[in-house]
Amino acid sequence: MPTPSDLLLLADGRLPAGGHAHSGGLEQAVELGDVRDVPTLRDFLRGLLRSSGQTSIAASAAAARAWLSQDDAALLELDAEESARMPSAQLRGASRAQGRQLMRAAEAIWPSPAPLRLLPALPHGPHLSLAQGVTAARLDLEPVDAARLAAYGVVSGPATAAVRLLGLDPFAVHGVVATVMGDAEPVIAAAAEHASSPAWLLPGGAAPLLEIGAELHRTREIRMFAS
Amino acid sequence: MNGGVRIRTEADAETGRTRIVELSATAPLGVKVTGPEEVHIIGTAAAPLDGDVVTIDLEVGDGTQLTIGTVAATMAWPARGDVSPSVMIVRAKVGEGASLRWLPEQLVPVRGCRHVLRSEVQLAATASVVWREEVILGRSRNDEGPGELDAELRVVRAGVPLLHQQLHLDGSGGAAHTAASLLGTARALGSLLVAGPGAPEHFAQANEPGLRGAVLELEAGGRLASATAASAVDLRKWLEARRAGMAPPAAQPGDEEPPATPSDQQELLSR
């Protein structure tokens with residue numbers, strides 16, 4: 001039986017899994033003047049839900065399903081398909097770093113007698129969405145929970161970064177998080193519904209400015225976030 | 001209208017040179033051979049229109065080369081009613097040691113259109129590809145926005161996905177694609193994929209008024225130059241500069257040109 005509070009623990013930004021070091025591309029968007037205030041932040045987050053975020057949410061649900069079915073081949077395929085949808089090496093690196101850290105944190109917090117089968121095959125760590133899906137599944141959570149966990153990360157990560165970077169009103173920003181999470185519900189439901197679909201059908205549109213921005217961010221000298 | 005183009009190349013058994021062994025076109029598309037290894041696709045009717053399904057099938061045989069261009073931008077015109085979208089399917093198969101350059105003109109999803117573009121590229125382990133895609137976000141006249149577009153490019157090498165890009169424009173004229181994470185205020189976006197043996201290292205970034213771009217390194221091999229721009233011209237200029245830097249020096253038919261004439265040589269010497 002799953003412990004309902006496990007999902008809250010996993011989604012908490014204070015989970016020591018390194019999420020606080022990443023802004024989900026927001027720092028660069030702020031630097032470029034693209035995100036300036038609460039409305040542009042809201043659009044930025046909605047854009048993520050139509051692009052890379054949608055991929056992550058679907059991949060997380062599918063990874064949970066694959067883990068429950070003990071289908072390692074499907075997990076590796078999901079990982080490769082997510083990479084094919086993430087042309088920026090910077091974004092892939094950030095995703096894999098966070099995935100690795102989440103697996104490590106989860107292993108320490110919820111020691112499992114079963115070794116994490118996924119890790120040996122992926123020396124640079126799994127994508128964050130895969131780590132989220134596998135971790136949720138290990139804790140007996142459902143694919144829909146894994147999708148919601150990924151969605152919350154996609155939305156809340158850049159939002160909390162925006163509070164720090166732009167000094168936005170935290171109440172207004174959390175209002176945006178609540179609104180955009182409402183927008184995410186159909187994406188989460190679709191991810192859960194299609195969790196068993198072949199990996200190559202993973203959805204998610206390109207986010208050109210996010211990808212280009214991630215590369216511009218790499219070469220910046222002064223920055224608060226790793227990505 | 002359901003039509004399309006089919007092109008297939010094979011290596012000549014004796015010389016090893018590329019031979020175009022199959023070349024067919026049905027309306028609304030036509031073809032014109034513009035070089036020993038080069039074909040241009042021509043729109044012969046106002047297409048694609050709603051309900052049209054147009055298929056382009058390319059098969060580049062082992063050890064051969066093929067370059068495809070189009071003579072004009074592809075305009076996806078407004079739908080005439082509540083009917084199915086216009087669909088263009090591009091399927092390319094590139095054999096061992098073979099090379100395909102897909103360099104069409106821009107796609108313009110005109111406000112009110114419903115257009116679907118599906119491109120699927122299958123590369124053999126030692127195949128090379130240069131694949132350019134540019135989308136102009138609506139006609140510049142009246143600053144009208146783009147129509148509805150659902151575009152997908154999937155490139156697979158020997159079973160491993162290299163690149164899977166999707167672009168969705170909802171055509172509403174609303175803010176769906178203008179988010180700072182997606183396209184912002186850009187009027188054009190484009191990408192140039194270069195993959196295959198011998199592609200030189202090339203990195204570039206641009207962050208200027210009217211153009212943002214970066215060369216992205218794909219995990220499974222190959223590079224993607226990606227850019228958003230204020231105009232189709234700026235976009236093309238940047239992507240072409242990347243092509244010059246990224247693409248492997250191809251064994252162009254021009255390499256076998258007869259030696260320069262004396263007057264040419266003189267000109268070279270006098271420089």
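First the proteins, then the strands, lettered A, B, ... as listed; each starts at 1. The model shown is predicted, which means the values in this text are computed figures rather than measured ones.
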Leu163(B) versus chain A, the contacting section by heavy-atom distance below 4.5 Å: both
Side chain / backbone / both / neither for Ala186(B) at chain A, heavy atoms under 4.5 Å: neither
Would you be so kind as to tabulate the donor-acceptor pairs closer than 3.5 Å made by side chains of residues 215-228 of chain B, with sequence neighbours excluded?
from	atom 1	to	atom 2	distance (Å)
Glu217(B)	OE2	Arg223(B)	NH2	3.4
Glu219(B)	OE1	Ser83(A)	OG	2.6
Glu219(B)	OE1	Arg96(A)	NH2	2.9
Glu219(B)	OE2	Ser83(A)	OG	3.3
Glu219(B)	OE2	Arg96(A)	NE	3.1
Glu219(B)	OE2	Arg96(A)	NH2	3.1
Arg223(B)	NH1	Pro200(B)	O	3.3
Arg223(B)	NH2	Glu201(B)	OE2	3.1

Spatial distance of atom CD (Gln166(B)) from atom CZ (Arg50(A)) [nearest 0.5 Å]: 14.0 Å
Rounded distance (nearest 0.5 Å) linking atom CG of Leu182(B) with atom CZ of Arg46(A): 12.5 Å
Sub-4.5 Å side-chain heavy-atom contact between Arg154(B) and Glu81(A): yes
Side-chain heavy atoms of Arg212(B) within contact of Pro208(A), under 4.5 Å: no
Choice from Leu202(A), Asp34(A), Leu209(A) maximising heavy atom contacts with chain B below 4.5 Å: Leu209(A)
Contact winner vs chain B - Ala29(A), Pro158(A), Ser88(A), Gly25(A), heavy-atom pairs under 4.5 Å: Ser88(A)
Enclosure of Tyr152(A) OH (heavy-atom neighbours >12, cutoff 6.0 Å): no
Partners meeting side-chain hydrogen bond (donor to acceptor under 3.5 Å, both in side chains) with Asp57(B) (sequence neighbours left out): Arg91(B)
Glu215(A) side-chain N/O to Gln205(B) backbone N/O, donor-acceptor pair under 3.5 Å: no
With Trp102(B) via ring-ring contact (aromatic ring centres under 6.0 Å, His included) - residues at least two apart: Trp131(B)
Part of residues 172-189 of chain A lying next to chain B, heavy-atom separation under 4.5 Å: none
